[in-house]
Amino acid sequence: QVQLAESGGGLVQAGGSLRLSCAASGRAFSRHAMGWFRQAPGKEREFVAAISWSGGTTNYADSVKGRFTISRDNAKNTLYLQMNSLKPEDTAVYYCAVDVGETMGGPYDHWGQGTQVIVSS
């Protein structure tokens, strides 16, 4: 059974930065691509970023490209999302998820509980 635990969310002013972490256990973390998603109040969950099993390939939603960076440390079974130049529209609950395969593209079959990010204007 895979367990994912996000951390690092909080309240930050616009223009600020946060670093989210996702600790994984229960599966060979390094053999799976991973992703970050977010869900704002009243909206559908949306894709934010993804990374291949090796970390060599990444993909970003247009709305975060150039501001967010996804990375992973397979030795620590941890996924990261560095978020810079935050905007109020980045306010959401952020989730990490495990891809069923090594390459990106989904589907994702395990999800964390989420961490809240609030960006004040």
Side-chain angles (χ1 to χ4, degrees):
Q1 185 69 20
V2 177
Q3 292 186 331
L4 302 172
E6 301 96 336
S7 61
L11 174 63
V12 63
Q13 288 189 331
S17 298
L18 282 174
R19 189 193 196 201
L20 305 184
S21 298
C22 171
S25 62
R27 177 185 275 184
F29 175 81
S30 62
R31 303 307 299 176
H32 292 267
M34 299 284 293
W36 285 101
F37 293 76
R38 67 186 182 186
Q39 187 167 19
K43 295 188 177 181
E44 304 249 333
R45 186 155 56 187
E46 64 175 2
F47 169 79
V48 174
I51 188 167
S52 63
W53 72 272
S54 67
T57 307
T58 57
N59 188 31
Y60 297 92
D62 288 342
S63 59
V64 306
K65 203 170 291 183
R67 300 188 297 122
F68 291 11
T69 302
I70 188 172
S71 62
R72 65 190 296 163
D73 185 337
N74 287 342
K76 296 182 178 179
N77 281 7
T78 303
L79 176 73
Y80 302 100
L81 185 67
Q82 178 67 44
M83 306 186 295
N84 298 329
S85 302
L86 283 161
K87 305 175 181 179
E89 50 264 44
D90 294 318
T91 294
V93 177
Y94 284 71
Y95 300 88
C96 63
V98 182
D99 195 303
V100 297
E102 296 179 350
T103 57
M104 305 177 298
Y108 295 85
D109 62 351
H110 286 86
W111 297 80
Q113 293 300 306
T115 185
Q116 176 75 59
V117 172
I118 299 173
V119 184
S120 63
S121 56

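The structure displayed is predicted, hence computed values, not measured ones. For the single chain, residues carry numbers from 1 onward in sequence order. Excluded from the calculations below are hydrogen atoms, water molecules and symmetry mates; all remaining heavy atoms, backbone and side chain alike, are included.
Taking both residues in full, the closest heavy atoms of T78 and A23 are given as OG1-CA, 4.4 Å, listed atom of the first, atom of the second, then distance. Between C22 and M34, the shortest heavy-atom contact is SG-CE, 4.4 Å. Taking all atoms of both residues into account, the shortest heavy-atom contact from I70 to Y60 is N-OH, 2.9 Å.
Of the possible polar contacts, none joining the E6 side chain to the L20 backbone as a donor-acceptor pair under 3.5 Å is found. Using a distance-only test at 3.5 Å, with no hydrogens or angles considered, a donor-acceptor pair links the side chain of N74 to the main chain of W53. Under a 3.5 Å cut-off, the side chain of R72 and the backbone N or O of S52 do form a donor-acceptor pair.
Considering F47, Y95, Y94 as possible partners of R38, the one that fulfils the side-chain contact (heavy atoms from CB on, under 4.5 Å) test is Y94.
For the atom pair SG of C96 and CG of L79, the computed distance is 6.0 Å after rounding to the nearest 0.5 Å. The OG atom of S121 sits 14.0 Å away from the NZ atom of K87 when rounded to the nearest 0.5 Å.
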Anything under 3.5 Å between a donor and an acceptor, one on a side chain of residues 103-118, the other on a protein residue two or more places apart or in another chain? List them.
| unit_1 | atom_1 | unit_2 | atom_2 | d |
| --- | --- | --- | --- | --- |
| D109 | OD1 | R27 | NH1 | 3.4 |
| D109 | OD2 | R27 | NH2 | 3.2 |
| T115 | OG1 | G9 | N | 3.1 |
| Q116 | NE2 | A92 | O | 3.3 |

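Two residues are said to be in side-chain contact when any heavy atoms from C-beta on lie closer than 4.5 Å; R67 and M83 fail this criterion. Side chains of L18 and F68 form no contact here, defined as non-hydrogen atoms less than 4.5 Å apart.
Crowding of E89 atom CD: a count of heavy atoms from other residues, nucleotides or ligands under 6.0 Å exceeding 12. Annotation for K65: atom NZ counts as buried by contact number, over 12 foreign heavy atoms lying within 6.0 Å.
With hydrophobic clusters built from ILVMFWY side chains whose heavy atoms lie under 4.5 angstrom apart, L81 shares a cluster with L86.
S71 pairs by the side chain to side chain contact (heavy atoms under 4.5 Å, CB included) definition with Y80, not counting sequence neighbours. With sequence neighbours left out, the side chain to side chain contact (heavy atoms under 4.5 Å, CB included) criterion links Q82 to S17, R19, T69, N84.
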